[in-house]
K.L.:
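Here it is: the structure, laid out below.
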Protein chains: 2
Amino acid sequence: MDTETALAALAALAHPTRLEAFRELVRHEPAGLSTGALVAASGLSQSTFSTHLAVLARAGLVTAEKRGRQQIQRASIDTLGRLMTFLARDCCQGRAELCGPLVADLAACC
Amino acid sequence: MDTETALAALAALAHPTRLEAFRELVRHEPAGLSTGALVAASGLSQSTFSTHLAVLARAGLVTAEKRGRQQIQRASIDTLGRLMTFLARDCCQGRAELCGPLVADLAACC
DNA sequence: CTGACTCATCGATATTTTCCGATGAATGGA
DNA sequence: TCCATTCATCGGAAAATATCGATGAGTCAG
């Protein structure tokens, strides 16, 4: 992942509504959720939430699939992983002593 | 890490200048860099960069230590780790099949 | 003490983001 | 066909963020 893509992903997640929606989608992997269901959970207007979803999609964090009139949204765990690797990369390059605790902490959560 | 703290960290990193500064600081762990050195590298005015640094500090991603007239800035790998764990937590809870590849990818970078 | 240096904060302006209602396209049921 | 449903996009208003120069506080060297 390059810097520009990472910035887009970070900016996409740096908003309460979008972060919550993304986490909700992660919890619903791999089934996904319809846009309407997410809108209802957000409490915002449909148009506003649609804009938020577009931001997440543009960042590659969410993908959509048409099913009838609905749009089924799914979180991209792959993009999330690439973002995390991007954030950790700098301390990893020949700096295992820094990255070690970081990975250990993460592994412990699983 | 709670949602509010995670949002602050994500917003802090979601800006080209701040992301670059943070990564530069990670590369200089554990020695750190003076504010002046970071300002010079950023190409922005001193006051503007100072504001950016304050955002990173408020998010707990950077800590400062006074040394003479200089302010030595250091990246908080700990906060970075907590942010990453926060992002991965949702797919980890009883969903090791999702989190596995994510952690493996990260471990491979070290 | 004086002057130079390092950095944070203030006030103002410009840009970006967020939010909404209205509109329109696409789909499916009656 | 006709209408309801689902969702994206447009236009505009409000809020937040980014940027700068100027100013001030603290520190050190002469």
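Naming: A, B, ... by sequence-line order, numbering from 1 per chain. Hydrogens, waters and symmetry mates are skipped; everything else that's a heavy atom, side chains included, is used.
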K.L.:
Can you see if the side chain of B:Arg18 gets near the phosphate of D:dA18 - specifically, an N or O under 4.0 Å from OP1 or OP2?
P.N.:
yes
K.L.:
Rounded off to whole Å, could you give me the CD-to-C1' distance for the B:Gln71 and D:dA25 pair?
P.N.:
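Answer to the nearest Å: 12 Å.
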K.L.:
Would you find a donor on one side and an acceptor on the other, under 3.5 Å apart, between the side chain of A:Ser42 and the backbone of A:Val39?
P.N.:
yes
K.L.:
When you group the ILVMFWY residues by side-chain heavy-atom contacts below 4.5 Å and let the links chain together, are A:Leu7 and B:Leu83 in the same group?
P.N.:
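Yes, B:Leu83 connects to A:Leu7 through the hydrophobic network.
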K.L.:
DNA chain C: B:Ile72 or A:Gly68, which has the more 5' nearest nucleotide?
P.N.:
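Closer to the 5' end of DNA chain C: B:Ile72.
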K.L.:
Look at B:His52 and D:dT17 and indicate whether a side-chain polar atom (N or O) is within less than 4.0 Å of OP1 or OP2.
P.N.:
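So the side-chain polar atoms of B:His52 never come under 4.0 Å of the phosphate oxygens OP1 or OP2 of D:dT17.
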K.L.:
Could you check how far CZ of B:Phe49 sits from C1' of D:dG21, rounded to whole Å?
P.N.:
18 Å
K.L.:
Of the nucleotides D:dT19, D:dA8, D:dG21, which has the atom closest to the B:Ser47 side chain?
P.N.:
D:dG21
K.L.:
Just N and O in the side chain of A:His15: are any of them under 4.0 Å from OP1 or OP2 of C:dC19?
P.N.:
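So the side chain of A:His15 is within the cut-off, an N or O lying under 4.0 Å from OP1 or OP2 of C:dC19.
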K.L.:
Please give, in whole Å, the distance from D:dG26 C1' to B:Gln70 CD?
P.N.:
14 Å
K.L.:
List the steps, then state whether side chain to side chain contact (heavy atoms under 4.5 Å, CB included) holds for A:Ser76 with A:Leu61.
P.N.:
CA-CA 5 Å; A:Ser76 169; A:Leu61 286 164; 5.6 Å; no
K.L.:
Between C:dC10 atom P and B:Gln46 atom CD, what is the distance in whole Å?
P.N.:
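For the pair B:Gln46 CD and C:dC10 P, the rounded distance is 14 Å.
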K.L.:
Tell me whether the side-chain N/O atoms of A:Thr48 come closer than 4.0 Å to OP1 or OP2 in C:dT18.
P.N.:
no
K.L.:
Identify whether the distance between the nearest side-chain nitrogen and carboxylate oxygen of A:Glu20 and A:Arg27 falls below 4.0 Å.
P.N.:
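Yes.
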K.L.:
Nearest-nucleotide wise, let me know which of A:Thr35 and B:Ser45 is further upstream toward the 5' end of DNA chain D.
P.N.:
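Comparing both residues, the 5'-ward one is A:Thr35.
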